[in-house]
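Inspection log for the structure reproduced underneath, given as structure tokens.
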Amino acid sequence: MTETLFAFENSYATLPDRFYAKLAPTPVREPQLIRLNDALAEVLRLDADALRSSDGVAVLTGNRVATGSDPLAMAYAGHQFGSWNPQLGDGRALLLGEVIGQDDLRYDIQLKGSGPTPYSRMGDGRAGLGPVLREYIVSEAMAALGVPTTRALAATLTGEPVYREDGPLPGAVLTRVSRAHIRVGTFQFFAARGDIDALRHLADHVIDRLYPDARGAENPYLALLESVISAQAKLIAQWMHLGFIHGVMNTDNMSIAGETIDYGPCAFMDAFHPDKVFSFIDRMGRYRYRNQPGIAQWNLANFAQSLLPLLSDDETKAVETAQAAVDGFPDLFEGHHMSGFARKIGLSNPDDGDTALIGDLLRIMALADADFTLTFRHLAEFADPAAEIDRSSPLFALFNETKELDEWLGTWRQRLEDDPRTPDERKREMNRTNPAIIPRNHLVEAAIQSAYLDQDFGAFEDLTEALATPFDPKADPGLTQPPKPEEEVRQTFCGT
Ligand code: AMP
Ligand code: MG
């Protein structure tokens, strides 16, 4: 008998058996730990040393089922690029169980890349090293940036190759952590089958687990819908504030917990353009930067549609109620969107007039192909409207033509005169809001390449460490700069 690595609870496994398929992970040849997230282990009350032991690594790679685990693949459906797919589900992931963190919240522990499941369809159930490192880097960066997200507890190697279009890759497993791996598509799965009993079980599970306040509402299921809409409005606004493009906002990749989930083809923009798309498979640009709020609302309309049988026995009333809730999304989003951008430009008392100011900045950034992250980061240098403008600031180097920038700086600094904060306070706040480091594509790609070519995880480690403190003014300049033209990564791939 080995020690208990996880104090697992298995609340999802007590739901009716049509919610999942229970099965164990498929063992691999040679489990090896790449990285364990000590800080997250602590939050989850886990013993990091035990997880690093050979027993621990065996569990994290799927070679051993941990004591107390009742592993299962969750069933779900979804709209993929707008097309309905009634049967998806965890095709290469297994929920091992749930743990209660130091914050008294419940977290799923899931292996991704742990072998085939009944939902694998034609897939091998495995994950390649590149996508696993990518998800580790970007999801942990999002967490450090304060964006709700699934987390990465560990990355391991399997010692087995996986075969993808571009040849064999080292196989890897990610241990993913989430408040709940429940998606819009999970609700759609049961709604499409007319399984109202299952829908009610699922909705009750989600309310108890994620939105307990909804229980006391007059209509708890409406309160659930509104809670998810609010969480998504906030989340998508946070993506927009960082120049983040999710890339595959299918309804099966939209979390009911309001977390960013599924880091396949996602990317942070370097040069700003509202129509930017990175994902190779997103040929129509459905999930381009500026479409993200609209797509979120479309997904939420599908969530609302799934909940109709729970909202009211009167069908007309159910539809009206759901429609009103979904119609509230644009205002909720816009509120977060504007207040976040106002914070980014150092305003503590934003008003309606600031919308135009923010829109103008984004417009001139797009015209100049200015780097999104650095433009906002450097603005803090001009936060004192009484100080002379230093034209040697790297801000000016981001714009080829500076006439419009000069004009904008003038208008903005005039506006700052009406803001109650002192320049020092403002500068501090801006530097707490606008990161110096984001996981730039070319750096993520370089870290992956050095892991592939030389089994060297040094660049991955360095990047991950640096991204843990993204607002640090002493950030390594090698990690803050945009790519040189020859380094630029123009496309990303799901890597599945
Ligand atoms: P995604 O594009 O990652 O959202 O995945 C869509 C669906 O394909 C989900 O049901 C995944 O579990 C499944 N899937 C993706 N990659 C694989 C794979 N290598 N093996 C089996 N199923 C997969
Ligand atoms: Mg997915």
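- Relative orientation of the Phe244 and His246 rings is perpendicular, given thresholds of 30° and 60° on the angle between their planes.
- In this structure, Asp476 has no side-chain hydrogen bond (donor to acceptor under 3.5 Å, both in side chains) partners at least two apart in sequence or on a different chain.
- Between the side chain of Tyr289 and the backbone N or O of His273, no donor-acceptor pair lies under 3.5 Å.
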Step by step, work out the side chain to side chain contact (heavy atoms under 4.5 Å, CB included) result for Leu88 and Arg121. CA-CA 8 Å; Leu88 291 164; Arg121 295 170 295 160; 3.6 Å; yes
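- In this structure, CD1 in Ile256 is found 11.0 Å from OG in Ser178, a value given to the nearest 0.5 Å.
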Give the C-alpha distance, both sets of side-chain angles, the deciding distance and a yes or no for side chain to side chain contact (heavy atoms under 4.5 Å, CB included) between Tyr76 and Asp90. CA-CA 8 Å; Tyr76 51 85; Asp90 293 329; 3.3 Å; yes
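- A side-chain donor-acceptor contact under 3.5 Å links Glu140 to the backbone of Ala152.
- Atom CG of Leu95 sits about 7.5 Å away from atom NE2 of His181, to the nearest 0.5 Å.
- Between Phe457 and Phe460, the ring-plane angle classifies as perpendicular under the 30° and 60° cut-offs.
- Side-chain N/O atoms of Tyr263 and Thr149 include a donor and acceptor closer than 3.5 Å.
- Nearest heavy-atom pair, Phe372 versus Met240, reported as atom, atom and distance to 0.1 Å: CZ-O, 3.5 Å.
- There is a side-chain donor-acceptor pair under 3.5 Å between Asp204 and Tyr221.
- The backbone N or O of Ala271 sits nowhere less than 3.5 Å from a side-chain atom of Asp369 that would complete a donor-acceptor pair.
- Applying the 6.0 Å contact sphere to CD of Glu488 captures more than 12 heavy atoms from other residues, nucleotides or ligands.
- Using a 4.0 Å cut-off between charged nitrogen and carboxylate oxygen, Arg18 and Asp197 count as a salt-bridge pair.
- When each of Thr61, Thr175, Asn63 is paired with Thr156, the side-chain hydrogen bond (donor to acceptor under 3.5 Å, both in side chains) condition holds for Thr61 and for no other.
- Checking side-chain atoms of Ser279 against main-chain N and O of Gln491 turns up no donor-acceptor pair under 3.5 Å.
- Ring pair Tyr12/His205 is perpendicular by interplanar angle, where above 60° counts as perpendicular and below 30° as parallel.
- Judged purely by atom type and a 3.5 angstrom limit, Asp195 uses its side chain to pair as donor or acceptor with the backbone of Ala198.
- Of the inter-residue distances, the one linking Arg179 atom CZ with Thr150 atom OG1 reads 13.0 Å to the nearest 0.5 angstrom.
- Residues Glu98 and Asn10 share a closest heavy-atom pair of OE2-C, 3.8 Å.
- At a threshold of 4.5 Å between non-hydrogen side-chain atoms, the residues Phe8 and Val99 count as touching.
- Gln305 CD: 12 or fewer foreign heavy atoms inside a 6.0 Å radius.
- Taking the six-membered ring for Trp and thresholds of 30 and 60 degrees, Phe81 and Tyr287 have ring planes inclined between 30 and 60 degrees apart.
- Taking CG of Leu111 as the reference point, atom CG of Leu60 lies at 7.0 Å (rounded to 0.5 Å).
- Asp124 contributes a side-chain N or O that, together with a main-chain N or O of Arg126, makes up a donor-acceptor pair within less than 3.5 Å.
- Electrostatic pairing of Arg440 and Asp371 counts as a salt bridge here, judged by a charged N lying under 4.0 Å from a carboxylate O.
- A side-chain donor from one of Asp327 and Gln323 sits under 3.5 Å from a side-chain acceptor of the other.
- For the pair Phe190/His201, no side-chain contact is recorded, criterion being any heavy-atom separation below 4.5 Å from C-beta on.
- No donor-acceptor pair under 3.5 Å is formed between the side chain of Asn250 and the backbone N or O of Asp252.
- Under the 30°/60° scheme for interplanar angles, the aromatic rings of His241 and His337 are found to lie parallel.
- The cationic atom of Arg209 (NZ for Lys, CZ for Arg) does not lie both less than 6.0 Å from the six-membered ring centre of Tyr211 and within 45° of the ring axis.
- Taking every heavy atom of both residues into account, Leu463 and Ala447 meet most closely at CD2-CB, 4.5 Å.
- Checked by atom type and distance alone, the side chain of Arg377 pairs as donor or acceptor with a backbone atom of Phe471 at under 3.5 Å.
- Under a 3.5 Å cut-off, the side chain of Asn291 and the backbone N or O of Arg286 do form a donor-acceptor pair.
- Although no hydrogens or angles enter the test, the distance criterion places no donor-acceptor pair under 3.5 Å between the side chain of Arg183 and the main chain of Thr251.
- Interatomic distance, CZ of Arg164 versus CG of Leu169, reported as 7.0 Å (0.5 Å rounding).
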Full working for side chain to side chain contact (heavy atoms under 4.5 Å, CB included) between Phe341 and Leu361: CA-CA 10 Å; Phe341 272 114; Leu361 175 61; over 6 Å; no
